[in-house]
Peer 1: 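After the structure tokens below, expect a handful of questions from me.
Here, residue 1 is the first one in the sequence, and each next residue gets the next number. Model, not experiment: these values are computed from the prediction.
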Amino acid sequence: MEQLRAQDLACTVRADVVDQKVGVFSDCVDRGFTPLRSEIMAAYYVAERDAAAEAFESGLITREEMDGKQAALARRLLI
């Protein structure tokens, strides 16, 4: 992440999103997944989480459905 910031590549993505993705990536590596698989899992986590939030903001799902989707996602990838 420091390299991204040094090269100013993180400017197109909110810092909190980068930090969350890095956190998921690190957790996956710590659990024994390869770096490539960890990167894929981190990208999947962020994309699915953001998709649920966008569906809620668009009125397609309720807050409870969004919370449920995000909790299920966290159980699958973070626990």
Peer 1: To the nearest 0.5 Å, what is the distance between CE on M66 and CG on L60?
Peer 2: 12.5 Å
Peer 1: So, for R49 and Q70, which heavy atoms are closest and what is the spacing to 0.1 Å?
Peer 2: O-NE2, 3.2 Å
Peer 1: Restricting to non-hydrogen atoms, name the atom on E48 and the atom on L73 that form the minimum distance, rounded to 0.1 Å.
Peer 2: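 Minimum heavy-atom contact is CB-CD2, 3.5 Å.
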Peer 1: Any non-hydrogen side-chain atom of I61 less than 4.5 Å from a side-chain atom of K69?
Peer 2: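 A side-chain contact under 4.5 Å exists here.
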Peer 1: Checking side-chain contact (heavy atoms from CB on, under 4.5 Å) for the pair T62/E65: CA distance, chi angles, key distance, verdict?
Peer 2: CA-CA 5 Å; T62 66; E65 289 172 312; 3.3 Å; yes
Peer 1: Quick check for you: to the nearest 0.5 Å, what is the distance between F56 atom CZ and D67 atom CG?
Peer 2: 8.0 Å
Peer 1: Does the pair Y44 and E39 meet the rule for a side-chain contact (heavy atoms from CB on, under 4.5 Å), with working shown?
Peer 2: CA-CA 9 Å; Y44 172 75; E39 174 63 24; over 6 Å; no
Peer 1: Looking at F33 and S38, what are the two nearest heavy atoms and their distance?
Peer 2: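 It is CB-OG, 3.5 Å.
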Peer 1: Working to the nearest 0.5 Å, report the span between CG of D50 and OH of Y45.
Peer 2: 9.5 Å
Peer 1: Does one hydrophobic cluster hold both M41 and V46, with members joined at side-chain heavy-atom distances below 4.5 Å?
Peer 2: yes
Peer 1: Quick one: pull up SG in C28 and CG in L36 and give me the separation to the nearest 0.5 Å.
Peer 2: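 Between C28 SG and L36 CG, I get 11.5 Å after rounding to 0.5 Å.
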